[in-house]
Structure formats: structure tokens, C-alpha cells
Amino acid sequence: MIDNIDKKYEPKNVEEKVYKMWNEKGFFHAEVNNEKESFTMVIPPPNITGQLHMGHALDNTLQDILARYKRMRGFEVLWLPGTDHASIATEAKIVEAMAKEKLTKEEIGREAFLKRAWEWKEFYGGRIIDQLKKLGSSCDWERERFTMDEGLSEAVKKVFINLYEKDLIYRGERIINWCPKCLTSISDAEVEYEEKNGNLWSVKYHIKDSNEFITVATTRPETMLGDTAIAVNPTDDKYKNLIGKYAILPIVGREIPIIADDYVEKDFGTGAVKITPAHDPNDFEVGLRHNLEQIKVMNDNATMNEFAGKYKGFDRYIARKEIIKDLEKLNLLTEIKVHKHNVGTCYRCSTVIEPIISKQWFVKMKPLAKPAIDIVKNGELKFLPERFSKIYFSWMENIQDWCISRQLWWGHRIPAYYCMDCKKIIVKNNFPDKCDDCGSKNIKQDEDTLDTWFSSALWPFSTLGWPEKTKDLEYFYPTDVLVTGYDIIFFWVARMIFSGIEHMNEKPFKHVFVHGLVRDEQGRKMSKSLGNGIDPLDVIEKYGTDSLRFSLTKGIATGNDLRYSDKKVESSRNFANKLWNASRFVLMNFDENISIDNINIDRLNLADKWILRRLNIIIQEVTDNMEKFELGIALEKLYEFTWDEFCDWYIELVKTRLYDKDNDLRAEALYVLNYTLKNIMKLIHPFMPFITEEIYSHLIHDDKSIMISSWPEINSSFNFEKEEKDMLKIMEVIKAVRNIRAEMNVPFSKRAKVFIITKNKKDNDIFIEGKIFIEKLGYAMEVNVLNEKNSININNMASAIISDSEIFIPLEDLIDIDKEIERIMKEKKNLEKELKRVDGKLSNENFIKKAPQKVINEEKEKQKKYKNMYNKLLERVRSLNI
RNA sequence: GGAGGAUUAGCUCAGAUGGUUAGAGUGCUCGCUUGACAUGCGAGAGGUCACUGGUUCGAUUCCAGUAUUCUCCACCA
């Protein structure tokens, strides 16, 4: 017996306490356990600079739901947490912080910089972890990893060396995406395209030894300083005679050849293209085909270099203006058009990317992509929803080599060493003593670090001890589900897949469970620049974690974006409160003097049997939904079952019995209440872990915690099919009575008599059994079940017709005959519509011939029912002289 | 240029291997301090399931096309 429980649920009084308890009892921890099947997930490691946002909240809520569900289903669940060093993002923040002290990286040097970075990591790395805990995440914190942990760094080196030895990593000079602000190369995936208004300038180039000109169009005139050819299409008659001749590069005066290449489209622009192999990826390819010189005209910070002649030192955009001015003076500018085009920008700092030729390390992608495509094609690894595999394929099938070197300090330093004497490249685990070839000791390590994603690609196995052959790997790998937003399929998911296959010879996970973005109330992306982000921690503070989790998961469709709204959280909070109060009701009625241990099923009443049967069905359905990852549907069903069926019906139905201290079926009622509520708590626990734990701890059971209790199963002795149907009939009567009363404006305090007329013997018995419920929920002073209505005067009664029965309520002076007529006519119209539909169907020969018998029978049943009701209605119409 | 979503109640969204009187939350209307809960209870109004075809006995659901809209990928200088 519990009293003095607050009327309102206060998450703050519960969440911290409960989380601490779980943690201290070691419920989050997973160990190799050969008696159980494993279920493994690795967290998408948040950046150490990161702060929890709604995306994290959704992502981790989904993972936690799966983890808790599987744990209850008896799996050894490992949800492995950790953080990512996020090279560019973190380095940028540290540089920014140093700028406030008027310091630069170069001034303090690599070693001191890294010291600062590690301090940063210590300080901020823990913050996001604490925030994940606030979400209720049941991660195994004893296994927390960081992408630059010693073990993970070993894995990175090992992978680099493996790939290098297999010739899948190479160093070469190619066009890469250069960010002039971050001062590093970035991969293709890290470039974001933005549509911008620019100009298309047409520039005349003089043909050598002639008075002719050739006109080219360009969006980036500043790169012309690095032109080393002009290209035309070989089949283009306009320019055929010019192929092989030379043009004079304006301003610079250099002679450049006019070449023919298929790459040029005859119909675009002038049909002639300036070729700048050092500053454009397409031009680079053309350059290779024609053996053209590559002239880089910019510095790393996007200012012009010495090859830019008089523009040296100018920023690229200033240089552009100056060049345009000079071309105008020279009369070589023939046209300026406004031109909308996509400009590549850095995904971290939004600076316009400069394609630039540079010596970098690359991963050869084609051979790695092939098996990674196959494994999804053959269904061994599944995307959920399936449509995301198409996105994956299109990326994987068109993949370019991956530029993995970064000109950053924070990250895994590339394990490549250069002999300064004989120039040999040595790729090795440790700093070599001497050069293998010439024996020189004059050796330097590559200055660059690796792309952050290079290490996170290994996350599913590096975190489990690879390259060591650990028991953990054997037991927990491959992982089961990877939960992530669709926005990082390319960055991360795809790279984990080919890495897993290449290094483990096994997929990294069986399912990729993809979710959408959390948008703001108006459907916009939440972003810093818009300032429309909602801090999940604020929401938790105000409404509690369970409410936040609930609002992010109820009714969502896999892979679709969803909108955050305060209204939704509020209604979730109301649901939590509902759970709280339903439990309060149950607990308040617990009676120390009544044992619910040995309940005889035969003594359960109709309502008991109905709710137990409904619970069985819900258990089955929700379990099916969970297995299919239909979390949103599962939760929706639980919401409705709990609120509508359990609270609004069962609890109301049980009250009469419970309040009657002499009733000898109170034990049965308490048993059913405890049993149902207990199972509801279990079913909801994965979604709302805190409140369910708190409530569960007060209920009667033998578990230490709901978290480690077992998932509900159907109780086959509770499959009361008949009673379920009977109860539905009684509920139908109750609804009809309430409807009449509401429409007739009968005040609550005014009890009325209810007459139920049915010729059907079975129904008769059911209603007699249900009298007590109809009285209570239909606010009736007396319920009479009759075979004939002859014995009562129905003229002053309001009525309703439900299938085989009629209901009459004498309202005496309260009856409003016009309203009654209105009600009846409305019902008549409705029935006519339905009858017409069902008659039409059943009189259709083809329907009878071709539809399945089951459907036909169902329709016939309906027809019978409607006809019956309709006849009674006509009788009623006649009797009222309408 | 290519691909993929979305389009269902005023708003935000679910939904069904094709057959239900198409659902929820929220908002709205009416009535309620009903011995858990006003963060509540009861009743109600509100939908041509974007449009046009096709398949089918039957389509809101499957197929094709159209429109509107969002997103991703590629990129022609």
C-alpha cells in the first residue's frame, strides 16, 4: 500500500536516481557470454567538440530502444559508446581559441599544439558523454572508446600499412579539394555545393602568327594565368583548322597549344575551353591525356603566387577583378553573362574550395567498392528502409579515389617515412632506424594526418580490440544494427562497410537502420546560423527525458524526417503523467490483506478477461513491430492500449468492484491490474525507461529491475476470445447510452434508467452479465434487459439501435423530441449509405465470383446487421410519427 | 541532368501483402470538480486520402503519367 504519491509525475525526482542505480548495478555492462546470443551496436561516435543536439537525441533514443528491447529478450547486449577526435572541427576550434590569445599553430609548434588538443579533449570530450547519459542511454560505459585511443591508433596504422602493401593506398599528385581557410585538403564527400550567382566571361585569345582570335568562356578568370592549352571538340568544324596551332595567353603572353579533346561540348559556350590542369579536375584529366604542363598559380591561402606575375600576393577574388579590368583595357573581353552555377564549399567552414593540384595520399576505391556493393545487393547487409541502398549504390558505383591525407596536426599521423637521402618511402608501424635501401639515418615522417573518417571507418572492429584477435571480436562482431541519419551514409556507413569486408573479411553490421532529420516546428533544418535549434537538455529539464524520447519516436516512419514541436512534447508529458496516475490508482488500491498469488482464472469477470485478452494481442503485435524495427508503430499501439483500453475502460470497469470492500472478487481485480500494468510498463520501458522503472519498482513481481526483466510473452490461458467479443458488445451499449445522454444534454448527476431490448438469447445473457458495467459507465440508476419492448412506453424515451438490440432511456421531462428525431434521421441516413454500399457489393456478380469467401461472408454479416438495424429504425420512425 | 522522398482532418503526422463506416496528437464545439489524473473525463463537428489514367470483382493503398514541394547526387568551362 502506497500513499502520498504526488499527483504529478516529477521526472527530476526519478531520472538521476534511477540512472545511477542501473549504472552501479552494472546493467549496462556486457561480457562474452556463450550461454546467450549477442546483440551489438556501436554508437556513431559524436565529436569531442560536440554538444548534444536533437539529431543525437533521436539517434541515441532509437539505439537505446533497441538495446533495452533486446536485453529484455535475453540477448547479451553490447552498446559500445565513444567519441571521435573530429580532426578538422576540433583543430579549427583550438586554432580559434588560440587566436584569442594571439597565437598561431606555427608559433607554438606541433608538440605544444597537440598538448593543447589533448587538454581540449579531456575537457570537452566528457561533456557529450554526460549528455548522452541524460538521455538514458544504456551504453556499456566501461568500454568507452576514443578514435585516438592507443588501440584504435594501432588499428589505423595496421590498416594503412595493409592497404599500402596491397597497393590500395598510394601517394600521388592529383587535383584535390583545397580549403584555403582550414588549409587542408578535403575529400570529395566533404565538399558541399551551393548554387551561386556568378559571371561567365568570354575572353579572346590571339592565335599565334595570325590576326584571328579564339574565344573561350570562363567563370574563374584568375585561373587563366595557369592555362596551358585551349581545347576544342575534334569534330567541331568551327575550330578544325585551328587544332595544332598556338594561341597567345593574354596578359601573360605565353604560347599555348590548341588541342582536340572529346571532353569539350561543341554547343556549350563558344565551344572552346581554356585548360588549366593545375586548377580544375576536368582540365587535369585533359592535361594528362595531352601531356600538358601544370602551372599552379595560387598559394595555399588562395592568394596568387609567383606564377601569377603582377598579380602575385593578390587574393584570388581581387586578382579576378584586376584581370577583368586588364582584359577590358586590352579589348579582349567580349561578353559578360550572369551565370548561375554550383560552387563547392568546405563542409566545415563554408569557404569556397579551390581545386588544386597537390601531392596527397589516396585510397584506391574501385577494388574496395566492388565487394561492398555485392554484400548489399545479395541482401547480406540490409538498409532500412530499403530505398537507402539505392543512394548507397549510386555513390559506391561512381566512387573516385579517396583523398585521405590532411594538412592538420590533430589526428592520426600518417605512418609513412621518407629517406631524405635516397627519397625512398617507408611505410611502417614505427619510426624506422634507418633507410632499408641506402641505410641513411636521415629520415622524416610524413607531416600529414589522416582523414577523421579513416579511423571511424574502423570503429565497429577497432573498438573491439582489432587487430588483436580478441574474444570480444569473436563474440560481438559483426555488430547487429547500425543506427544513423541518412546524412552520413557516404561519410561513414559506406566506409565502414568496405573497411569491415576488407580487414575483417566480414560485414560490420547486419542492418543499417536509417532515420531522418529532426526539423524545427516549421519544417526547417535546425542550424546554428538560423538559430532555430532546440537544445534537448532544455527539453529534458522542462519535461523530462521520457517525454522527449516519446515525442521523438511515437508514430515516426523509418527514414522520414520529423518535426520537433513543443506541443508534441507536452502531449508526451501528459502521457507520462497518465502512466503515473494509472499506477497511483493501482497502488492506492493495493491491500496488504489480500494476496494475489493464487488466482483462479474461472473467477475472473468479463472485463478482466477482456483486458487480459487485449493485452495478449498487444504483446504479440508490439513484439512483431519491434522485430521489424517499426518502433513508431509499436509505440503508437502502446499509447492507445494504455490510455484508451486500460485507463479509460478497464480501470473504470474495475472501480465498482474495488471500492466495494465486501466484494470477494477484489483479489482478482488487483491481480489483473497488477499483471496488466506490469506488462504495460515492460512494453513501454524501451521507450520511456525512467518512469517505467520507477513505477515497476512499486508493483508486485520478483525482478530486481525492469531493465533486466524479461520481455512480456503471451499467456495462452488468457486468450479469451469469446469474452473479448462479449465485452465489446457491452461497450457498444455504454457508448450508445453516453451518446444519448450527451446529445440530450443530460447532466452527469442525473441518473437514468436504461432499457435494453434484445430478442437474441445470447445477447440477453451478455447484457445481464454486463449490467454492472453499464450502470457504472453509462451513469444509469438501473439497467433492465428485456425481450420485448411491449412492456414499456417508448414514446417518451430516447433511443439507439445497435446491431441486434435497441436501447431506450426514459428521460421524462428532459426529452427533447426534436433532438431525438434529428438523431434518428441522422442515423437513418448513415445506415442507408452503408446499406447501399454493401448491397451494391453483394449484388455484383463478379464480386461474388471472384472475391475470397472470407470477404464475402464479412460483407454478408454486415448486410444482415445493417438491415436489422434499419428495420428497427423504421419502426422507431413510425412510432414517433415522423 | 539523374535519383529518392512527401502530398491523408484547420495544423503536425500515422496507416493497410488491395476489402475497416480511413486513424492519432493538437486545435475547435458542447457538457462534466465522475472517490488515479483538469497534464483530466464524456460526447461531437471536421477528410473526393493531390490530379489523370491503368490493373482489379474492388484502389486512398499496386502500376504509369501530371502537378506541387523537399532532399540527395552529378556538373558544361
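Below, chains carry the letters A, B, ... as their sequence lines are ordered, and counting in each starts from 1.
- Annotation for A/Glu845: atom CD does not count as buried by contact number, only 12 or fewer foreign heavy atoms lying within 6.0 Å.
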Dump the intermediate steps for side chain to side chain contact (heavy atoms under 4.5 Å, CB included) on A/Val493 and A/Thr484, then the final yes or no.
-> CA-CA 8 Å; A/Val493 179; A/Thr484 189; 3.6 Å; yes
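- Pairing of B/rC13, defined by two Watson-Crick or G-U wobble distances under 3.5 Å, is identified with B/rG23.
- Taking only side-chain atoms of A/Asn581, from C-beta outward, the nucleotide of B/rU20, B/rA36, B/rC32 with the closest atom is B/rA36.
- The side chain of A/Lys850 places an N or O atom within less than 4.0 Å of a non-bridging phosphate oxygen (OP1 or OP2) of B/rC57.
- At the heavy-atom level, A/Phe388 lies nowhere under 4.0 Å from the strands shown.
- Residue-level contact check: A/Ser565 touches neither bases nor backbone, having no heavy atom under 4.0 Å from any strand.
- For B/rA43, the OP1/OP2 oxygens have no side-chain nitrogen or oxygen of A/Asn745 closer than 4.0 Å.
- Checking the phosphate oxygens (OP1, OP2) of B/rA43, no side-chain nitrogen or oxygen of A/Arg741 falls inside 4.0 Å.
- At the heavy-atom level, A/Glu640 lies under 4.0 Å from the strands shown only through sugar-phosphate atoms.
- Listed nucleotides: B/rA43, B/rA77, B/rU20. Nearest to the side chain of A/Lys841: B/rU20.
- Using a 4.0 Å heavy-atom criterion, one finds that A/Tyr263 contacts the bases of the nucleic acid, with or without backbone contacts as well.
- Look at A/Lys661 and you won't find any side-chain N or O under 4.0 angstrom from OP1 or OP2 of B/rG35.
- Ionic pairing of A/Lys828 and A/Glu832 is present here: one or more N-O contacts between side-chain nitrogen and carboxylate oxygen are shorter than 4.0 angstrom.
- Backbone-only engagement by A/Lys554 is indicated by non-hydrogen atom pairs under 4.0 Å involving sugar-phosphate atoms exclusively.
- In terms of position along RNA chain B, the nucleotide closest to A/Thr558 lies nearer the 5' end than the nucleotide closest to the other residue of the pair A/Glu570 and A/Thr558.
- The separation of B/rG44 from B/rU68, taken at their C1' atoms, amounts to 34 Å, rounded to a whole angstrom.
- Taking the six-membered ring for Trp and thresholds of 30 and 60 degrees, A/Phe585 and A/Tyr659 have ring planes more than 60 degrees apart, a perpendicular arrangement.
- Counting non-hydrogen atoms under 4.0 angstrom, A/Lys567 reaches the backbone sugars and phosphates but no base.
- For A/Lys864, the NZ atom counts as loosely surrounded, since its 6.0 Å shell holds 12 or fewer non-hydrogen atoms of other residues, nucleotides or ligands.
- The NZ atom of A/Lys750 sits 21 Å away from the P atom of B/rA43 (whole-angstrom rounding).
- A close approach under 4.0 Å does occur between a side-chain nitrogen or oxygen of A/Lys655 and OP1 or OP2 of B/rA36.
- As judged by a 4.0 angstrom heavy-atom cut-off over every strand, A/Asp648 is placed among residues touching the sugar-phosphate backbone only.
- Look at B/rG18: it lacks any Watson-Crick or wobble partner with both distances under 3.5 angstrom.
- Note: A/Tyr9 and A/Trp580 have tilted aromatic rings, judged against thresholds of 30 and 60 degrees for the angle between ring planes.
- Judged by distance alone with a 3.5 Å cut-off, no donor-acceptor contact links the side chain of A/Lys7 to the base of B/rC37.
- Listed pair A/Asn739 / B/rG44 meets the phosphate criterion, a side-chain N or O lying under 4.0 Å from OP1 or OP2.
- Within the 4.0 angstrom heavy-atom criterion, no nucleotide atom of any strand lies near A/Ser394.
- Picking from B/rA36, B/rA74, B/rG42 the nucleotide with the shortest atom distance to the side chain of A/Phe585 gives B/rA36.
- Distances from the side chain of A/Arg837 to the nucleotides B/rU21, B/rA43, B/rU39 place B/rU21 closest.
- The aromatic rings of A/Tyr779 and A/Phe748 stand perpendicular to each other, their planes meeting at an angle above 60°, with 30° marking the opposite boundary.
- A/Trp643 has a side-chain polar atom (N or O) that falls below the 4.0 Å cut-off from OP1 or OP2 of B/rC41.
- At B/rC13, one or more side-chain N or O atoms of A/Arg563 fall inside 4.0 Å of OP1 or OP2 (strictly under the cut-off).
- A sub-4.0 Å separation between OP1 or OP2 of B/rA45 and a side-chain N or O of A/Lys826 is present.
- Judged by Watson-Crick or G-U wobble contacts below 3.5 Å, the nucleotide B/rA43 has B/rU29 as its partner.
- The base-pairing partner of B/rC51, taking Watson-Crick or G-U wobble contacts with both distances under 3.5 Å, is B/rG65.
- Considering only side-chain atoms of A/Val855, the nucleotide from B/rA24, B/rG31, B/rG19 that sits closest is B/rG19.
- For the pair A/Lys568 and B/rU12, the criterion of a side-chain N or O lying under 4.0 Å from OP1 or OP2 is not met.
- Checking B/rU21, B/rC73, B/rA24 against every side-chain atom of A/Phe490, the shortest atom distance belongs to B/rC73.
- For B/rU20, the glycosidic angle deviates from 0 by 90° or less, giving a syn base.
- For A/Ile651, whose side chain is taken as the heavy atoms from C-beta onward, the closest listed nucleotide among B/rG25, B/rU21, B/rA36 is B/rA36.
- Residue A/Lys862 has a polar side-chain atom (N or O) positioned under 4.0 Å from OP1 or OP2 of B/rU21.
- Residue A/Arg738 is in sugar-phosphate contact alone, with no base atom involved, counting any heavy-atom pair closer than 4.0 Å across all strands shown.
- If you measure from atom CD of A/Glu827 to atom C1' of B/rG44, you get 14 Å, rounded to the nearest angstrom.
- Residue contacts shown for A/Ala557 are limited to sugar-phosphate atoms, with no base heavy atom under 4.0 Å away.
- Comparing B/rC57, B/rA36, B/rU26 against the side chain of A/Ala582 picks out B/rA36 as the nearest.
- For B/rA77, one of the phosphate oxygens OP1 or OP2 lies less than 4.0 angstrom from a side-chain nitrogen or oxygen of A/His339.
- Side chain of A/Cys647, nearest nucleotide from B/rG44, B/rA36, B/rG25: B/rA36.
- Phosphate contact (OP1/OP2 of B/rG40, side-chain N/O of A/Asn574, threshold under 4.0 Å): present.
- Side-chain atoms of A/Tyr564 and A/Glu521 include no donor-acceptor pair closer than 3.5 Å.
- One atom, CD of A/Gln522, and another, C1' of B/rU69, lie 17 Å apart when rounded to the nearest Å.
- Residue contacts shown for A/Glu265 include a base, since a base heavy atom lies under 4.0 Å away.
- Residue A/Tyr866 places at least one side-chain N or O closer than 4.0 Å to OP1 or OP2 of B/rU21.
- Aromatic ring pairs are classed by plane angle as parallel below 30°, tilted from 30° to 60° and perpendicular above 60°; the pair A/Phe646 and A/Tyr650 is parallel.
- Rounded to whole Å, atom C1' of B/rG19 lies 11 Å from atom CD1 of A/Ile856.
- Among the nucleotides B/rA77, B/rG42, B/rG5, the one closest to any side-chain atom of A/Arg387 is B/rG5.
- Counting distance only, with no hydrogens placed and no angle test, the side-chain atoms of A/Asn844 and the base atoms of B/rC57 include no donor-acceptor pair under 3.5 Å.
- Residue-level contact check: A/Asn560 touches the backbone only, with heavy atoms under 4.0 Å from sugar-phosphate atoms and none from bases.
- For B/rG35, the base is stacked against the aromatic ring of A/Tyr659, per a cut-off of 5.5 Å between centres and 30° between planes.
- At most 12 heavy atoms of other shown residues, nucleotides or ligands fall within 6.0 angstrom of atom CG in A/Asp267.
- Residue A/Tyr486 is classed as having no contact, given no heavy-atom separation below 4.0 Å to the nucleic acid.
- Between B/rU26 and B/rG5, the distance separating the two C1' atoms is 25 Å to the nearest Å.
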